[in-house]
2 protein chains.
Amino acid sequence: MELSPQIEDYLKNIYQLQTRYGRVPTTALAERLAITAASVTGMVRKLAGLGLVDHEPYHGVRLTASGESLALQIVRAHRLWELYLVQALEVPWDQAHVEAEQLEHALSQGLADRLAEVLGHPTADPHGHPIPSRNGDVARRGGVPLDHLPAGEAGVVVQIRDDTPELLRYLGKLGIYPGEHVAVLDVAPFEGPLRVQIGDRTEVLGRRVAGHVMVHSEATLHERQRV
Amino acid sequence: MELSPQIEDYLKNIYQLQTRYGRVPTTALAERLAITAASVTGMVRKLAGLGLVDHEPYHGVRLTASGESLALQIVRAHRLWELYLVQALEVPWDQAHVEAEQLEHALSQGLADRLAEVLGHPTADPHGHPIPSRNGDVARRGGVPLDHLPAGEAGVVVQIRDDTPELLRYLGKLGIYPGEHVAVLDVAPFEGPLRVQIGDRTEVLGRRVAGHVMVHSEATLHERQRV
DNA sequence: GCTATAATTTCGATATGCCTAAATTCTATA
DNA sequence: TATAGAATTTAGGCATATCGAAATTATAGC
Ligand SMILES: [Mn+2]
Ligand SMILES: [Mn+2]
Ligand SMILES: [Mn+2]
Ligand SMILES: [Mn+2]
């Protein structure tokens, strides 16, 4: 099935919204794609006709099995490109996303497999997001926002939202990457900034910034017990 | 100026036809793009409106200065991708063209420069076609079809048409690449096949095949004097 | 020069994707 | 449970890029 770049973007974004929120409302999709809700309704009806989504009028969409499997191929293409750009072409990690946004629509199956091969069949992109396998398996990488960690708790960065280049550049300067250890030393009162230990340095992070950094808390089990 | 992939393809193909034949007739373009002449007329009028081509109704088009400079960027993107795919990703040289046909529309200026850089600012793609520089300089590489060489004459392969994968695969097996030395041992009568020396081997090439291989004859000067 | 044929353009349609404005449906709160 | 406001869809349009069929223009051979 040969899909237009537009349809590919719809599928990819429905996928990303539904894994977080279940059924995807028209307006959520519209906002994400920066088009009007009316346009989304039209396209979504078409996608339903193609059997790629299940559209319950007035109650949002969700991908069908075949829609999801196509969506995963786009996500795979996007993240393979991001990693390839960063690793092989030394593109700064904050620029990878925009470039991949175009390249994802120009990657054949064969070339995707080739990229995966030279990258050693990676499972995560430069921002820590999981790369689906060729047959559509995705690792759930989870994590909680860094600003949800109480003072005194430590963790490992697992993923970082990649849609704000300036923020990524800033985090890069601070040495905050997926895989790095961080510890929250203390949190200023009234939703204030966090003092964070990164390697041997101490940095102060604003709430906004910390919210973009997802970590695996080393105390996750204790947390769960308390709840 | 942000151009649609379609417009990019028009510009690229006008460029390639006009360097060989001057003003490009509507039908020539139509055949090359595999669309109808009526469609070409419409698009060409639009391109003229954008100041990218000069359209003399009933007498074909040619690129304006700005149209040509844009066309050269697409050609550059295409050929950089081809070379990169073959050299860095070890894609077979007969598959590079189709992949590049898509990727050429998804290459930012910055990434093009990066590709050029890691490739060492190359001047030719895997098939021997010149890669325009960032500011649009192109080397003329010329050459004559191998089947135009008289028996006894030798030459160096300069370029090979890249639009027929099977033919490229065949030539690859014979060891015929840009840069290789070939010598025409003899030519069978009545437009017959050529016996050709390649390295230490002798091969028999049909006319069709030989016509796709452009060579720099080592006797070009003598040829010119005779004419 | 005239005319048949080929090349090219014009005309009327179609498909895709998008928009604005108006109508409909849903839902939360009173 | 009625209803105001929000979410969503419907209706009518527009731009792009394509097509087939008909009309026009160019040109080569007489
Ligand atoms: Mn991304
Ligand atoms: Mn990413
Ligand atoms: Mn090519
Ligand atoms: Mn080539």
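Keep in mind that this is a model prediction, so the values were computed, not measured. Reminder, nothing fancy here: chain letters follow the sequence lines and each chain counts from 1. As a basis for the values below, the full set of heavy atoms in this structure was taken, side chains included, without hydrogen atoms, waters or symmetry mates.
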inquiry  = In this structure, how many angstroms lie between the C1' atom of C/dT25 and the NE2 atom of A/His55, rounded?
reply    = 12 Å

key: Nucleic acid contacts of residues 36-43 of chain A, taken as heavy-atom distances under 4.0 Å to DNA chain C   = A/Thr36, A/Ala38, A/Ser39, A/Met43

request  = Would you please indicate yes or no on a ring centroid separation below 6.0 angstrom for B/His129 and B/His78?
outcome  = no

ask   = To the nearest angstrom, how far is B/Glu31 atom CD from D/dC19 atom C1'?
value = 18 Å

note = Sequence neighbours excluded, the answer for salt bridge (Lys or Arg N to Asp or Glu O under 4.0 Å) partners of A/Arg161 is A/Asp163

key: Proximal nucleotide (of D/dT25, C/dC19, C/dT10) relative to the A/Ile35 side chain   = C/dC19

key: Interatomic distance where CD belongs to A/Glu8 and C1' belongs to C/dT16 [whole Å]   = 15 Å

key: Whether over 12 other heavy atoms sit under 6.0 Å from B/Glu31 CD   = no

note = Taken to the nearest whole Å, CG/A/Leu29 to C1'/D/dT9 is 15 Å

inquiry  = In this structure, how many angstroms lie between the C1' atom of D/dT18 and the CD1 atom of B/Ile7, rounded?
reply    = 14 Å

key: Under 3.5 Å donor-acceptor, A/Glu104 side chain and A/Trp81 backbone   = no

query = Between A/Tyr10 and C/dC18, is there a side-chain N or O to OP1/OP2 distance below 4.0 Å?
reply = yes

task = Can you figure out which of C/dT10, D/dA26, C/dC26 approaches the side chain of A/His59 most closely?
result = C/dC26

message = In whole Å, I'd like the distance from the OH atom of B/Tyr58 to the P atom of C/dT5.
response = 19 Å

key: d(CG, A/Leu47; P, C/dC18) in whole Å   = 10 Å

B/Arg114 with B/Glu117: basic N within carboxylate O range, under 4.0 Å = yes

message = Tell me whether the count of non-hydrogen atoms from other residues, nucleotides or ligands lying under 6.0 Å of CZ in A/Arg208 goes above 12.
response = no

ask   = Has A/Arg134 got more than 12 heavy atoms of other residues, nucleotides or ligands less than 6.0 Å from its CZ?
value = no

request  = With DNA chain C as reference, determine whether A/Ala34 or A/Pro57 sits nearer its 5' end, using the nearest nucleotide of each.
outcome  = A/Ala34

request  = Would you mind reading off the distance between B/Glu56 atom CD and D/dT25 atom P, rounded to a whole angstrom?
outcome  = 15 Å

task = Can you figure out which of D/dT9, C/dG17, D/dA17 approaches the side chain of B/Gln6 most closely?
result = D/dA17

